[in-house]
Amino acid sequence: MRYALSFKPATGLYGQHDPSAVLFEDGEAVFGIEEERLTRDKHASDTFPERAIRTCLDYRDLELSDVDRVLLPYDPQLRSNILPHYLRDAVEAGSVVRTLSALEDTVVTQFRSRFAPTRKVRNRLADVGTPVPSVETRSHHACHAASAFHPSGFDEALVLTVDAKGEYDSTVVWRGTPNGLSRVRTYEHPNSLGLFFAAITEYLGYRMFNGEGKVMGLAPYGEDNAEIETALRELVTTGVDYDVTALTKRWGTGHGVRKLEETFGRPRNDTPGEFDQWEKDLAYVAQKLLEETVVDIAETYATALGVDDLAVAGGVALNCKMNQRFRESNGIENVFVQPVAHDAGLALGAGWLDQRPADVAPMTDVYLGSEYDTDEVVDLLETNKVGYERPDDLERHVAERLADGDIVGWFQGRMEMGPRALGARSILADPRTIDSRDRVNEFVKHREEWRPFAPSMLESAAGTYLEDAEPAPFMIQAFDVEPDATDDLAAVLHPADDSTRPQTVREDQHPRYHRLISEFEDITGVPVVLNTSFNDHAEPIVESPTQALKDFFGMGLDVLVVEDCVVEK
């Protein structure tokens, strides 16, 4: 066996969020985990993924010295491409201090570009084990692109990678062929759609790289507002030749928020989660401009390249409403969105980048993480004197509890990689009643009451519930719901537009979860459950039975199911 270890730090040059590690065995991703699941610090900002690396190695009882290759999905030398921008910006601002600071940054960055991969990263790896293998760097956006194209199953495709910033790039258009990836167009930082949406997010009171999904969920509560749209269009240009630098010309969102305050004559929202109609309309317009831009890019280059399949990755690709627009576009036939689209997925792409795309198996699930057997769970429960039972027919027992209105913590098999719980570390409820949605929001997740939940449904039933139905195993695309099916899905519809963000489930993807949903269908006639991630507000998804037990007693859950064991309060 030949092993490669790919990891994404969240320190220094390598980005500040979502560190992760993935172990490859003969080119196949066999284990992957985000550092946040182990540190219990959401996004694990400014963190080297030492725990994730150790957990990957432990999966195959390896030492670091057993690894043949170490891959880093960031090439610091490329960062020098954006230094002229910062120098020009400092000079244009007329600030001697800022100009000197930018010059200092130039020198420091060039130094780090030469030595950081072989010194800082190797020094941290030495804490894991010695000798440390050589560290190979790969371009940030190339890794995003490989994470999207290589497991897509497409022979040829247009590939889009869209985020805040790689080394110097923010949006990249690629062509994917059997020979690999080639750049077609680069939109360089600071012309960043990720930072554009982050500025809107901060202006509405949330934090960048954390609240963008909430703004997307808020948008359907708004409506067209000519005054807001006119003002935004005077600031930014949309479409294939977009330019959002009026809001993004300096790293971070401070400049953009100040520009929005000046433009609209309104201060940023200081009560996140509470919005007036104007703020809802702003979210609507911002989402509209984002969709307009990325769809124009996709349609333009699909035509230019003569392809009609699209693969997408990068943090902006977590925007499931945007992904719906890709799927509905006349110029796009098939869409694959990498489910670990944000920076945590870079570790996947780095491991695939040097492989022939045809040698990477199509991605049908993301159950790459840790698992625990029932004996471990029993030992934990008995040690802590927690009562439990082991029903003869676990799936039927849990389905009956869901049908009776109970809220269930569900912990089964290998943990998902990525931001979506997909039936391995999930909180489940009856999808048929608004009361289910409200109870989970208020007493379990402790979050804003207006935020929608998502369904898991049998793939075989998707055509009954979803317009233009197709397999959607990753909960990363939105769909409109068939009008005559909304009564079955009251708890998992977006209240403003009757859309939903489904996970479709096949037996081969997660047999026990499939059986549970099938039993729920047998009892209720509805092959769907409400599914949200097993974590409390602002907490990462639970990784271990101990964490699941802690959250069970700290949240408004009625039942906890961990492997074969059922715990009640």
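All of these numbers come straight from a predicted model, not from anything done at the bench.
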Separation between CG of L422 and OH of Y513, rounded to the nearest 0.5 Å: 8.0 Å

Heavy-atom donor-acceptor pair, K445 side chain to S533 backbone, under 3.5 Å: yes

D430 backbone acceptor or donor facing S436 side chain under 3.5 Å: yes

Separation of R439 CZ from I434 CD1 (nearest 0.5 Å): 14.5 Å

Ring pair (Phe, Tyr, Trp, His ring centres under 6.0 Å) partners of residues 472-501, not counting sequence neighbours, each pair once: Y221-H494

Contact summary for T374 and C565, nearest pair of heavy atoms: CG2-SG, 4.0 Å

Minimum heavy-atom distance between G556 and V444, given as atom pair plus value: O-CG2, 3.4 Å

Heavy-atom check, side chain of V312 versus side chain of F336, under 4.5 Å: no

Gap between atom NE2 of H514 and atom CD of E519 - 0.5 Å precision: 11.5 Å

More than 12 heavy atoms from other groups under 6.0 Å of CG on D468: no

Donor-acceptor under 3.5 Å (H446 side chain, F443 main chain): yes

Test log, rule side chain to side chain contact (heavy atoms under 4.5 Å, CB included), inputs V567 and V562: CA-CA 8 Å; V567 179; V562 186; 5.9 Å; no

Test item: E389 side-chain N/O and P391 main-chain N/O as donor-acceptor pair under 3.5 Å: no

Under 3.5 Å donor-acceptor pairs involving side-chain atoms of residues 345-366, not counting sequence neighbours:
from : atom 1 : to   : atom 2 : distance (Å)
D354 : OD2    : R69  : NH2    : 3.0
D354 : OD2    : R138 : NE     : 3.2
D354 : OD2    : R138 : NH2    : 2.7
Q355 : NE2    : G27  : O      : 2.8
Q355 : NE2    : G351 : O      : 3.2
R356 : NH1    : D359 : OD1    : 3.1
D365 : OD1    : Y367 : N      : 3.1

Close side-chain approach of V408 to L560, heavy-atom, < 4.5 Å: no

Stepwise salt bridge (charged side-chain N to carboxylate O under 4.0 Å, His left out) test for E416 and R420: CA-CA 8 Å; E416 309 92 338; R420 308 288 179 235; over 6 Å; no

Pairs involving residues 481-490, ordered by first then second residue, that meet side chain to side chain donor-acceptor pair (under 3.5 Å) (sequence neighbours left out): Y465-D488

Test: R425 cationic atom under 6.0 Å from F411 six-membered ring centre, within 45° of axis: yes

Minimum side-chain heavy-atom gap R40-P540 below 4.5 Å: yes

Distance, nearest 0.5 Å, that separates CZ of R325 from CD of E328: 5.0 Å

Heavy atoms of other groups near D155 CG, more than 12 under 6.0 Å: no

W450 side-chain N/O to L218 backbone N/O, donor-acceptor pair under 3.5 Å: no

Counterpart residues, side-chain hydrogen bond (donor to acceptor under 3.5 Å, both in side chains), relative to Q503 (two or more places apart): S456, N531

Non-neighbouring partners of S65 that pass side-chain contact (heavy atoms from CB on, under 4.5 Å), sequence neighbours left out: E63, P131

pair Y388-E382: side-chain heavy atoms closer than 4.5 Å: yes

Distance-minimising heavy-atom pair for I541 and A421: CD1-N, 4.2 Å

Student check: side-chain heavy atoms of E543 and S370 closer than 4.5 Å: yes

Donor-acceptor contact below 3.5 Å, side chain K214 vs main chain G273: no

What pairs of donor and acceptor atoms, side-chain ones from residues 18-26 against any protein atom, are under 3.5 angstrom apart with sequence neighbours left out?
from : atom 1 : to   : atom 2 : distance (Å)
D18  : OD1    : H43  : ND1    : 2.8
S20  : OG     : A344 : O      : 2.7
E25  : OE1    : R60  : NH2    : 3.4
E25  : OE2    : Y3   : OH     : 2.9
E25  : OE2    : R60  : NE     : 2.7
D26  : OD1    : R2   : N      : 2.8

Contact summary for Q338 and A313, nearest pair of heavy atoms: CB-CB, 4.1 Å

Distance, nearest 0.5 Å, that separates CZ of F209 from CG of D163: 8.0 Å

With sequence neighbours excluded, residues passing ring-ring contact (aromatic ring centres under 6.0 Å, His included) with F48: F7

ring-ring contact (aromatic ring centres under 6.0 Å, His included) involving Y206 - partner list, sequence neighbours excluded: F275

Polar side-chain atom of T47 near backbone of S45 as donor-acceptor pair, under 3.5 Å: yes

Salt-bridge contact K550-D536 (side-chain N to carboxylate O under 4.0 Å): no

Residues which pass side-chain hydrogen bond (donor to acceptor under 3.5 Å, both in side chains) with Q477, listed by chain and number, not counting sequence neighbours: R327

Pairing residues for R512 by the side-chain hydrogen bond (donor to acceptor under 3.5 Å, both in side chains) criterion, not counting sequence neighbours: E395, Q412, D564

Check: L557 main-chain N/O paired with K569 side-chain donor or acceptor under 3.5 Å: yes

Least distance between heavy atoms, P495 atom then P452 atom: CD-CB, 4.2 Å

Within-4.5 Å side-chain heavy-atom neighbours: F154 and F149: yes

From I33, L368, V30, residue fulfilling side-chain contact (heavy atoms from CB on, under 4.5 Å) relative to Y59: V30

Residues E36, K42: salt bridge by 4.0 Å N-O rule: no

Salt bridge (Lys or Arg N to Asp or Glu O under 4.0 Å) partners for R401, two or more places apart: D406, E568

All side-chain hydrogen bond (donor to acceptor under 3.5 Å, both in side chains) counterparts of D497, not counting sequence neighbours: K321, S499

Nearest-0.5 Å distance, SG of residue C56 to CG of residue L64: 11.5 Å

Backbone of G418 reached by a side-chain donor or acceptor of E34 within 3.5 Å: yes

Side chains of Q287 and N319 in contact at under 4.5 Å (non-hydrogen atoms): yes

pair L318-P419: side-chain heavy atoms closer than 4.5 Å: yes

Expected output: side-chain T524 to main-chain V526 donor-acceptor under 3.5 Å: yes

Shortest non-hydrogen contact from P455 toward T500: CD-OG1, 3.0 Å

